[in-house]
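Below: one structure, written as structure tokens.
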Amino acid sequence: RNDNGKPPLNAALEAKDEDAAEALLDGGDDPNLVDWCGRNALHWAAKKGCRLPLFHRILGMIHNVNAGDNNRTTPLMRAARQNHLDMVVSLMNHPGIDVNVQSSDNWTALHWAVEKNRPAIVAQLVSDDRVDTSLKAYNCTPLKLAIDRGLHECAKILREHGAPEE
């Protein structure tokens with residue numbers, strides 16, 4: 001661990017030093033180790049972005065793809081929030097993924113994609129029949145959130161997929 005309590009692999013991913021991350025993995029670093037916020041290497045890769053082969057390598061080593069940090073934010077939520085469509089697709093294709101996990105404030109990956117106005121990610125998420133568009137955060141469905149924020153493209157995509165407003 002470094003001075004700020006992060007496992008070296010997490011720190012390398014946060015710094016976007018992919019060569020160091022690869023070397024740490026080659027040396028046996030465990031991507032399941034968490035920092036003081038409860039984030040593992042997959043959280044950091046999904047948040048900061050990295051080459052897809054590195055992301056897949058980390059994903060293949062993670063014990064629980066749905067592990068949340070201290071706020072129960074998952075790597076899928078992070079990838080959706082940060083607009084990493086390729087990572088969202090990879091996570092959605094993982095056999096253990098739960099696309100409807102809710103954070104401590106009940107937000108889902110779909111809520112984050114709407115909040116950050118990521119229409120391509122909204123479309124990707126709602127194209128999957130497993131995604132529940134009726135889940136609420138602060139008594140707000142993703143469609144209501146899109147309407148309230150004036151995010152017309154996200155609202156249109158959600159309506160086209162039958163998402164409820166209430």
Notebook entry, point to check: Less than 4.5 Å apart, any side-chain heavy atom of K6 and any of W44?
Noted result: yes
* To do: Given side chain to side chain donor-acceptor pair (under 3.5 Å), test H63 with N32 step by step and report yes or no.
  => CA-CA 7 Å; H63 299 303; N32 295 285; 3.2 Å; yes
- [ ] Start with the C-alpha gap between N71 and T73, add the side-chain angles, then the distance that decides, and say whether side chain to side chain donor-acceptor pair (under 3.5 Å) holds.
- [x] CA-CA 5 Å; N71 295 320; T73 301; 5.1 Å; no
The side chain to side chain contact (heavy atoms under 4.5 Å, CB included) partner of N10 among V34, L42, D35 is D35
Output for pair (S127 OG, E160 CD), nearest 0.5 Å, gives 12.5 Å
All heavy atoms of V65 vs all of P75, minimum pair found to be O-CD, 3.7 Å
Do the non-hydrogen side-chain atoms of D86 and V89 ever get within less than 4.5 Å of each other? no
What one should report as the nearest heavy-atom pair of A113 and I121 is CB-CG2, 3.7 Å
CD1 of I62 to CZ of R57, rounded to nearest 0.5 Å, is 12.5 Å
Donor-acceptor contact below 3.5 Å, side chain H94 vs main chain G96: yes
Practice item. Tell me, with the steps shown, if E18 and R51 meet salt bridge (charged side-chain N to carboxylate O under 4.0 Å, His left out). Key: CA-CA 8 Å; E18 296 182 32; R51 294 183 302 260; 3.2 Å; yes
Open item on the list: Can you confirm whether V126 sits close enough to L110 that some side-chain heavy atom of one is under 4.5 Å from a side-chain heavy atom of the other?
Closed with: yes
| Passes side-chain contact (heavy atoms from CB on, under 4.5 Å), D105 versus Y138? Steps please. | CA-CA 7 Å; D105 53 7; Y138 299 111; 3.2 Å; yes
The reported gap from SG in C154 to CZ in R159 (rounded to nearest 0.5 angstrom) is 11.5 Å
If you apply the rule salt bridge (charged side-chain N to carboxylate O under 4.0 Å, His left out), what do you find for E115 with R81, and how did you get there? CA-CA 8 Å; E115 170 69 16; R81 182 177 178 176; over 6 Å; no
For A41 and L9 the tightest heavy-atom approach is CB-CD2, 3.7 Å
Side chain H111, main chain T108, donor-acceptor under 3.5 Å: yes
L158 and V114: side-chain contact (heavy atoms from CB on, under 4.5 Å), yes or no, with the steps? CA-CA 9 Å; L158 288 161; V114 169; 3.8 Å; yes
Taking every heavy atom of I157 against every heavy atom of A123, the minimum-distance pair comes out as CG2-CA, 3.8 Å
Shortest non-hydrogen pair, C50 vs M87, comes out as N-CE, 3.2 Å
- Query: Is a donor on one side and an acceptor on the other found under 3.5 Å between the side chain of K48 and the backbone of A15?
  - Reply: no
Determine whether L143 and P164 make a side-chain contact, defined as any pair of heavy atoms from C-beta on separated by less than 4.5 Å.
no
Between the CD atom in E153 and the CG atom in N117, the distance rounded to the nearest 0.5 Å is 7.5 Å
For this session: Would you check if E22 and L54 make a side-chain contact, meaning some heavy-atom pair closer than 4.5 Å?
Result: yes
For the residue pair R130 and I97, establish whether any side-chain heavy-atom pair is separated by less than 4.5 Å. yes
Heavy-atom nearest pair, L52 first then S90, reads CD1-OG, 3.9 Å
Taken to the nearest 0.5 Å, the spacing of M77 CE from K47 NZ works out to 14.5 Å
Output for pair (L125 CG, D132 CG), nearest 0.5 Å, gives 12.5 Å
Less than 4.5 Å apart, side chain to side chain, heavy atoms only: is that true for I58 and L13? yes
Residues K116, N83; criterion side-chain contact (heavy atoms from CB on, under 4.5 Å); working and verdict: CA-CA 8 Å; K116 294 297 182 178; N83 206 26; over 6 Å; no
Evaluate side-chain contact (heavy atoms from CB on, under 4.5 Å) for L145 paired with W107, printing each intermediate quantity in order. CA-CA 11 Å; L145 180 64; W107 282 57; 4.1 Å; yes
**Whether over 12 other heavy atoms sit under 6.0 Å from D129 CG** = no
### Close side-chain approach of C140 and D148, heavy atoms under 4.5 Å
yes
